[in-house]
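Presented below is the structure to which this report refers.
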Amino acid sequence: MVFEKTPGWLDWYQGPSRPRFVLPAGSVDAHCHVFGPGERFPYAPERKYTPCDASREQLFALRDHLGFARNVIVQATCHGADNRALVDALEHSGGRARGVATVRRDVSDEQLRALDAAGVRGVRFNFVRRLVDFTPRDELMDIAARIAPLGWHVVIYFEAVDLPELWDFFSSLPTTVVVDHMGRPDVSKPVDGPEFELFLRFMREHDNVWSKVSCPERLSVSGPPALHGQQAAYRDVVPFARRIVETFPDRVLWGTDWPHPNLKNHMPDDGLLVDFIPHIAPTEALQRKLLVDNPMRLYWPEELGREHGTHTPQGGRDGA
Ligand code: 0GY
């Protein structure tokens, strides 16, 4: 099936630079997507946008170019709850990708087992209104209860202004909870202001909550250096991401967000995004936690046990 992209759609950047920052060995890009190709894996009828294709081969080429060892592929809303493109990518990754799926309440145990066998380790609940229709909370809670025994976690995507209303629901989730893109703070507000403080409090009061410190290109008002001639790309996002990394170093993840859906004013150079990492995780110890230890604990706990001959620490599917 041939799909027409949403008007004004920005395609992912074809010639990313090689990052100057050398990633620690075994680094994980813990937030990225595959789109189609639409001819093989049609976009969902209920989607809110139609992207350009972004195949698993292209994702794995980017992984190698940037110096990552592994990917966590997150089901994008343009595929709805049809996880075939995701599963296909996982099955062709040679064990180097895990997944976060979208499922509906009527998913069968057999389907959940098949997703688990393919490498899915979580489900995503999306509360961003421009991306999805409303799903009742009791349906989401049913899904969370179904996936918890598998040792999976819940990824949540929401806007900062909606956190007060969603707080109680998030607090009642029975699994590890991973927040996409720091709960989308408004970075034109002060990092010490009440809105971001609420998010920090959310993490402080819930030790099962993790955050992806990803998407500076999506959150930034100052933008990339090419746009405004500034020194550090996306510098207005740095204090927010760095605050989370330094406060909760064992509960943070990082990802490219390739192929960067729904960006409106520029498409980032993924090499530059990698060069952003040392600004938000300034020491080698923080970088190793962010890029290797934390994602491995959540997505490949069995590998950690194998490497170190130890028990799986908390957070992974065998964790406490
Ligand atoms: C992201 C962000 C976006 C889109 C999706 O699943 C999606 O469609 O996540 C967005 O538009 O902000 O994390 O990819």
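Both counts, for ligands and for their atoms, begin at 1 and track the order of listing. Treat the numbers as computed from the prediction; the structure is a model and nothing was measured. What's counted below: heavy atoms across the whole structure, side chains too, no hydrogens, waters or symmetry copies.
- Heavy atoms of Arg184 found under 4.0 angstrom from ligand 1 belong exclusively to the side chain.
- Residue contacts with ligand 1 include Arg218, since one or more of its heavy atoms lies under 4.0 Å from the ligand.
- Those atoms of ligand 1 with a heavy atom of Pro261 less than 4.0 angstrom away are 3 (C), 4 (C), 11 (O), 14 (O).
- The aromatic rings of Phe202 and Phe158 sit perpendicular to each other, their planes meeting at more than 60°, with 30° as the lower class boundary.
- A donor-acceptor pair shorter than 3.5 Å cannot be found between the side chains of His153 and Thr175.
- With a 4.0 Å heavy-atom cut-off, ligand 1 is reached by no atom of Val128.
- Of all the atoms in ligand 1, the ones that sit under 4.0 Å from a non-hydrogen atom of Arg130 are 10 (C), 11 (O), 12 (O).
- Cation-pi check for Arg98 over Tyr299 is not met; the charged atom does not lie both under 6.0 angstrom from the ring centroid and within 45 degrees of its normal.
- Counting heavy atoms under 4.0 Å from ligand 1, residue Asn262 touches it through the side chain alone.
- Partner of Val213 under the side-chain contact (heavy atoms from CB on, under 4.5 Å) criterion, out of Met182, Arg242, Arg243: Met182 alone.
- Here is the list of ligand 1 atoms found below 4.0 Å of a heavy atom in His31: 1 (C), 13 (O), 14 (O).
- Relative orientation of the Trp167 and His206 rings is perpendicular, given thresholds of 30° and 60° on the angle between their planes.
- Relative ring orientation between Phe276 and His279 is described as tilted, the plane-to-plane angle lying within the 30° to 60° band.
- At the shortest separation from atom 13 (O) of ligand 1 among protein heavy atoms lies His181 NE2, 2.7 Å.
- Phe127 and Phe170 have their aromatic ring centers within a separation under 6.0 angstrom.
- Residue His260 does not touch ligand 1, judged by heavy-atom distances below 4.0 Å.
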Worked verdict on Val100 versus Val72 for side chain to side chain contact (heavy atoms under 4.5 Å, CB included): CA-CA 7 Å; Val100 174; Val72 178; 4.1 Å; yes

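- Under 4.0 Å from ligand 1, not a single heavy atom of Val74 appears.
- For atom 1 (C) of ligand 1, the closest non-hydrogen atom of the protein is Asp257 OD1, 3.3 Å.
- For atom 14 (O) of ligand 1, the nearest non-hydrogen atom of the protein is His33 NE2, 2.6 Å.
- Residue Asn126 has no nitrogen or oxygen atom sitting less than 3.5 Å from a nitrogen or oxygen atom of ligand 1, judged on distance alone.
- Heavy-atom contacts of Tyr49 reach the following atoms of ligand 1: 7 (C), 8 (O) (cutoff under 4.0 Å).
- Under the 3.5 Å distance criterion, with hydrogens and angles disregarded, a donor-acceptor pair is assigned to the side chains of His260 and Asp270.
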